[in-house]
There are 2 protein chains.
Amino acid sequence: MPSAKRDHLVETALRLFYRDGFHATGIDTILREAGVAKMTLYNHFRSKDELILAALELRDERFRAWLDAAIAPYPDDPREQILAIFDAAETLFQQDDFNGCAFTRACGEFRDPECSIHQAGMRHVCMLTDFLEDLAASAGAGDPESLARQLALLFVGASAAAQVTCSCGPAHCGRCAAATLIDASVVAHSSSRSSTSN
Amino acid sequence: MPSAKRDHLVETALRLFYRDGFHATGIDTILREAGVAKMTLYNHFRSKDELILAALELRDERFRAWLDAAIAPYPDDPREQILAIFDAAETLFQQDDFNGCAFTRACGEFRDPECSIHQAGMRHVCMLTDFLEDLAASAGAGDPESLARQLALLFVGASAAAQVTCSCGPAHCGRCAAATLIDASVVAHSSSRSSTSN
DNA sequence: TTGGAAATAGACAGACCGGTCTAGCTGTTC
DNA sequence: GAACAGCTAGACCGGTCTGTCTATTTCCAA
């Protein structure tokens, strides 16, 4: 059972890793900022890498909650739910502390696919794609899996582009592209179902 | 006028920064790998950051040449030229040394928008978007600027997703999405031109 | 009150970091 | 042969890095 000190440490670690980068943020900086002793860190984690992993897991939980909150206003409209994710991204990208996608950045700094940090990034992208696939299927997409992958690319690209350009424009741009892709997939599915039902 | 030693140093720096990350790669590692003396580095560059910048500039030049080579086989078909970029990306993403987009990763590690390294990333993404805009206009897109931004998002997203998942699948996925977006934009433009000419 | 878990507070070790400096070598041009 | 540009080869500096260790303190439940 995690302790309050542990949770606070992970919270602070996430904030600093996300702001400054994983390699650029040292243990001493995190401990100073969290007001936690080094022995406490090494009681809870075997290494800095394990702290990074815990921080990414916290980030993933937060992101899932954010996704659920983003689609909540449209419980019966999967197309709107998908677009609402990009709308919520536009708000997210405008926040002062926004600094791109923690997972793609973690994978950029930890290249080895066998590395548990890189694997956390893989799992996160899979989670996002699965989430979008459910919505795509509900929206009547002809090929929900393909549409979901495309939407995931758009989301990841929008996040990265927003971080590079320091603008929230990519979210709106991604939303427009998503709408086009969804409609193209749904129309194609409806047309093929009309043909076969005749 | 750059010297052979300087060019070799930048070449080696680019390779190591791209493989291992900017903060994770130290000066001594680069010098050892390049067989160049520290004094030589500091004769040519005022700091590590300047070396990083030179490495990114070299990368940008290489990327522009790669873009030109990717579209060369289809001199008269802008739609195919755009799609060929994603085809070429599929090949690129399968190379052993592929490790995502150097520019979005640089921006991830150097967050400050005033920082010249981050600005190099901004310029690069603008260059790609401009490149795609020319092709989009030639392909008859109704709104070439918007289409170009969407295609840039797809490309950036595909690059990041390929690095995270260690797969070239995102390139193909991006290609499919690009085709849909191009056709949607061109058809919309043709329809609006037909209406106004009647 | 006591015992134990959890946390604190550094010191310490060994390694690495970016950058400065000195002395010397090599190759080229005049 | 001399002068000079470019480069080599580290030593050195002050700092940071991750992780280990010891001694001590704090808090809480029994």
Between A/M122 and B/V164, the two heavy atoms sitting closest are CG-O, 3.0 Å
In whole angstroms, the gap separating P of D/dG6 from CG of B/L41 amounts to 16 Å
For a quick test of reading the model: is some side-chain N or O of B/K5 closer than 4.0 Å to OP1 or OP2 of D/dC7? no
Minimum heavy-atom distance A/S146-B/C173, with the two atoms named: O-SG, 4.3 Å
Roughly how many Å is it from CG in B/L9 to C1' in D/dC7, rounded to a whole number? 12 Å
Ignoring hydrogens and angles, write down the donor-acceptor pairs under 3.5 Å from the side chains of residues 95-111 of chain A, residues two or more places apart or on other chains.
from, atom 1, to, atom 2, distance (Å)
A/N99, OD1, A/Q163, NE2, 2.7
A/N99, ND2, A/Y18, O, 3.0
A/N99, ND2, A/R19, O, 3.1
A/T104, OG1, A/C101, O, 3.2
A/R105, NE, B/G108, O, 3.4
A/R105, NH1, A/Y18, O, 2.8
A/R105, NH1, A/N99, O, 2.7
A/R105, NH2, A/Y18, O, 3.2
A/R105, NH2, B/G108, O, 3.2
A/E109, OE1, A/H23, N, 2.9
A/E109, OE1, A/H23, ND1, 2.6
A/E109, OE2, A/F22, N, 3.0
A/R111, NH2, B/D96, O, 2.8
A/R111, NH2, B/F98, O, 3.2

Report yes if the distance between the aromatic ring centroids of A/F86 and A/H172 is under 6.0 Å, otherwise no. no
A/D49 CG - D/dT18 P separation (whole Å): 10 Å
With each end axis built from five pairs of C1' atoms, what bend angle do you get for the helix from C/dT1-D/dA30 to C/dC30-D/dG1? Round to 10°. 0°
With the 4.5 Å side-chain cut-off for hydrophobic clustering, are A/I52 and A/L58 part of the same group? yes
Should A/W66 and A/I71 be regarded as members of a common hydrophobic cluster, given that ILVMFWY residues are connected when their side-chain heavy atoms come within less than 4.5 Å of each other, either directly or indirectly? yes
Checking B/D134 now: which residues fulfil side-chain hydrogen bond (donor to acceptor under 3.5 Å, both in side chains) with it, not counting sequence neighbours? none
Does D/dC7 have its OP1 or OP2 closer than 4.0 Å to a side-chain nitrogen or oxygen of B/H44? yes
Go through the steps to decide whether B/R6 and B/L41 satisfy the test side chain to side chain contact (heavy atoms under 4.5 Å, CB included), and finish with yes or no. CA-CA 8 Å; B/R6 175 200 180 280; B/L41 162 63; over 6 Å; no
Return the value, rounded to whole Å, for the distance between atom CG of A/D28 and atom P of D/dT18. 7 Å
Per-nucleotide protein contact string for nucleotides 20-30 of chain D (B base, S sugar-phosphate only, - none; heavy atom under 4.0 Å): BBB--------
To the nearest Å, how far apart are A/F45 CZ and D/dG19 P? 13 Å
Take atom NE2 of B/H8 and atom P of D/dC7, then tell me their distance rounded to the nearest Å. 12 Å
Could you pull out the closest heavy-atom pair between A/A136 and A/L147, with the gap in Å? CB-CD2, 3.8 Å
Contact interval (first through last nucleotide) of DNA chain C with protein chain B, 4.0 Å heavy-atom: C/dC17 to C/dT22
Could A/E133 and A/R149 be called an ion pair, given the rule that one side-chain N must be under 4.0 Å from one carboxylate O? no
Of all residues at least two apart in sequence or in a different chain, which pass the side-chain hydrogen bond (donor to acceptor under 3.5 Å, both in side chains) check with A/R62? A/E11
What is the distance, to the nearest angstrom, from the NE2 atom on A/H23 to the C1' atom on D/dT16? 14 Å
